[in-house]
Amino acid sequence: MKKGNIIIKNANQLVTFHGYEAKAGKGMSDISIIPNGALVVTNGKIEAFGKTEDIIGKYDGEKYQVLDAVGKTVLPGFVDSHTHFVFGGYRAEEFSWRLKGMTYMEIMERGGGILNTVKATKEESKEALFQKGVKLLNNMLAFGVTTLEGKSGYGLNLETEIKQLEVMKEIDAVHSIDVVPTFLGAHAVPPEYKGREDEMIEDIIRDVLPVVVDRGLAEFCDIFCEKKVFSVEQSRRLLSRAIGMGLKAKIHADEIVQLGGAELAAELGAISADHLLQASDKGINAMAEKGVVATLLPGTAFSLREPYAKARYMIDSNCAVALATDLNPGSCFTLSIPLIFSLATLYMNMSTEETIAALTINGAAALGRADTIGSIDIGKKGDIIILEYPSYHYLPYHIGVNIVEKVIKDGVLVYDKLKGGEQFCWEK
Ligand code: NIG
Ligand code: FE
């Protein structure tokens, strides 16, 4: 893995988000700004940061690449903690059906939706999935994403679930972005299991989960807990077994119908519950109490024309909220971080500070990595972005525009818009 030495100096604002754990409630506004800031990354890790005049003289410029960030803003790299970026085919025609009034669940019940992508993913070669995934990640890198979670779930059988997870591992090995894999073998009910969902869960527990765990192919286990997909009871069974086998739990919870997924996440001590458009107040408060990160995916609510999750209520109830793209070929085909900024600030009443916390330190917490990424702190990875503008307020203000100028990963400059968006580092 490539590790660099880099100094960034004279930043108009160095925004650190100081801390090694999730920021909940009011803590999400605690952003810590250093004016005229500098930071030093040595051998891939942050060694020092502070005011430029206090830092710079102490380091031998010869050993470091030095970037001048005068008039610019420096932030921790973004963490996209919920995506489905490895998939076969596309579903552009389904988007047009939805524009004509068909709902996401109606399309799914007719064998389209996720099952459509399952078929395409089975047919697509590993090499094609790899190339497609890399292309998406190259674009994510340009948006300032330095760590990203990816889910399986377009196989629904041993062979193709493993194929997806292996592709993610292969991409992680070569791409600048760190890829964190999640096993989502219970993402939909294929025709052969229709009406036999309990058996499908048992089969996953017996035949698939052990292979995933033994081969170290996933860190998390997730499930689509939803009416007409998997029940709370089925979700409890799968996730508690996965936890017992050493995985951490995530859950697609209360997205379309209020089933009690948020409550289940709290009961199981899941690391995150995601979507939560319909989550009950009781469930939200239980999550706050148990420290389960609420991962909100406003791109999906926007794309499905569903109501947004109650971010304000969640933060005011002392939840730690993360935001992610949910990049996938069906419900939300986007990798636009600027879109997420607009939706969170304008439609979910999140402040700019809370939105950035949700995309950095809390995204890291949703991946169990708040101690190593997500803020500018001593010992953390040198995953940094430089914005073209002098303050972090430009992030939601410049609507729909990517204002990330440079991306540094493990102390290596890996993307520079000023060099025509060139990506420099392709091997770790
Ligand atoms: O997070 N809701 C379930 N799963 C995905 C959608 C996957 C798909 O439509 O392909 C989601 O939105
Ligand atoms: Fe999802």
Side-chain angles (χ1 to χ4, degrees), residues 80-95 97-98 102-122 124 129 132-133 136 148-156 160-161 164 168 180-190 218 220-230 235 249-259 261 265 270-279 293-309 322-335 340 343 363 366-367:
D80 190 350
S81 60
H82 181 138
T83 85
H84 309 246
F85 81 100
V86 174
F87 55 83
Y90 291 99
R91 288 169 21 219
E93 66 297 338
E94 289 184 9
F95 190 86
W97 297 346
R98 284 201 284 110
M102 213 184 270
T103 68
Y104 179 74
M105 291 311 276
E106 278 166 5
I107 294 171
M108 188 160 174
E109 279 161 42
R110 288 177 191 200
I114 294 171
L115 295 178
N116 191 344
T117 302
V118 169
K119 189 165 173 288
T121 308
K122 280 184 182 154
E124 215 153 293
L129 291 173
K132 210 159 129 185
L136 289 168
L148 161 144
E149 184 252 20
K151 300 176 195 292
S152 66
Y154 293 128
L156 309 179
T160 310
E161 287 293 311
Q164 268 192 283
M168 281 186 246
V180 180
T182 294
F183 171 59
L184 176 56
H187 190 199
V189 185
F220 301 96
C221 182
D222 195 345
I223 184 166
F224 190 13
C225 177
E226 184 60 59
K227 190 171 170 202
K228 299 195 179 157
V229 192
F230 295 104
S235 304
K250 287 181 169 289
I251 176 164
H252 280 67
D254 301 318
E255 179 182 356
I256 318 273
V257 175
Q258 187 179 106
L259 279 194
I271 192 142
S272 74
D274 302 34
H275 285 288
L276 301 169
L277 308 185
Q278 305 292 343
V293 177
T295 300
L296 308 185
L297 311 164
T300 312
F302 174 69
S303 166
L304 296 181
R305 294 192 274 200
E306 294 280 344
Y308 294 95
L323 286 160
T325 60
D326 195 20
L327 165 64
N328 74 73
S331 66
C332 184
F333 188 36
T334 189
L335 32 74
I340 304 303
L343 297 176
L367 298 183

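Atoms within a ligand are numbered from 1 in the order they appear, just like the ligands themselves. What you are looking at is a predicted structure, and each value in this text was computed from that prediction instead of being measured.
- For atom 1 (O) of ligand 1, the nearest protein heavy atom (residue, atom name, distance) is His275 NE2, 2.8 Å.
- The shortest non-hydrogen separation linking Ala366 to Ser272 is CB-CB, 4.4 Å.
- Within the protein, the number of N, O or S atoms lying under 2.8 Å from the Fe ion (ligand 2) is 4.
- Counting protein heavy atoms only, atom 2 (N) of ligand 1 is closest to Glu255 OE1, 2.8 Å.
- Each of the atoms 6 (C), 9 (O), 11 (C), 12 (O) of ligand 1 lies under 4.0 Å from some heavy atom of Ser331.
- Annotation: ring pair (Phe, Tyr, Trp, His ring centres under 6.0 Å) contacts of Tyr308 (sequence neighbours excluded): Tyr347.
- Checked by distance only, ligand 1 and His252 come closer than 3.5 Å through their nitrogen or oxygen atoms.
- No close placement of the Phe95 and Phe333 rings is indicated, their centers lying 6.0 Å or farther apart.
- Counting protein heavy atoms only, atom 10 (O) of ligand 1 is closest to Tyr154 OH, 2.6 Å.
- Residue contact check for ligand 1: Phe87 places no non-hydrogen atom closer than 4.0 Å to it.
- Counting only N and O atoms by type, the side chains of Thr182 and Asp222 include no donor and acceptor under 3.5 Å apart.
- In this view, Glu94 and Arg91 satisfy the salt bridge (Lys or Arg N to Asp or Glu O under 4.0 Å) rule, not counting sequence neighbours.
- Taking each heavy atom of Lys132 and Tyr90 in turn, the nearest pair found is CE-OH, 3.5 Å.
- Donor-acceptor pairing under 3.5 Å is recorded for the side chains of His82 and Asp274.
- Contact annotation: Asn328 has at least one heavy atom less than 4.0 Å from an atom of ligand 1.
- Closest protein heavy atom to atom 4 (N) of ligand 1: His187 NE2, 2.8 Å.
- For the pair Arg91 and ligand 1, a heavy-atom separation below 4.0 Å is found.
- Which parts of ligand 1 touch His82 is read off a 4.0 Å heavy-atom cut-off, strictly below it: atoms 1 (O).
- Comment: Lys228 does not engage Glu226 in a salt bridge, judged by the lack of any side-chain N to carboxylate O separation of less than 4.0 angstrom.
- Partners of Glu93 by salt bridge (Lys or Arg N to Asp or Glu O under 4.0 Å), not counting sequence neighbours: none found.
- Taking a cut-off of under 4.0 Å to the non-hydrogen atoms of Asp326, the atoms of ligand 1 that pass are 1 (O), 11 (C), 12 (O).
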* **Intermediate values then yes/no, side-chain hydrogen bond (donor to acceptor under 3.5 Å, both in side chains), Thr160 and Lys122** => CA-CA 6 Å; Thr160 310; Lys122 280 184 182 154; 5.6 Å; no
* Apply the test side-chain hydrogen bond (donor to acceptor under 3.5 Å, both in side chains) to residues Glu161 and Ser152: give CA-CA distance (whole Å), side-chain angles for both, the deciding distance (0.1 Å), then the verdict. => CA-CA 6 Å; Glu161 287 293 311; Ser152 66; 2.5 Å; yes
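- The single protein non-hydrogen atom nearest to atom 9 (O) of ligand 1 is Tyr104 OH, 2.5 Å, given as residue, atom name and distance.
- If you check the side chains of Asp254 and His275, you find no donor sitting under 3.5 Å from an acceptor.
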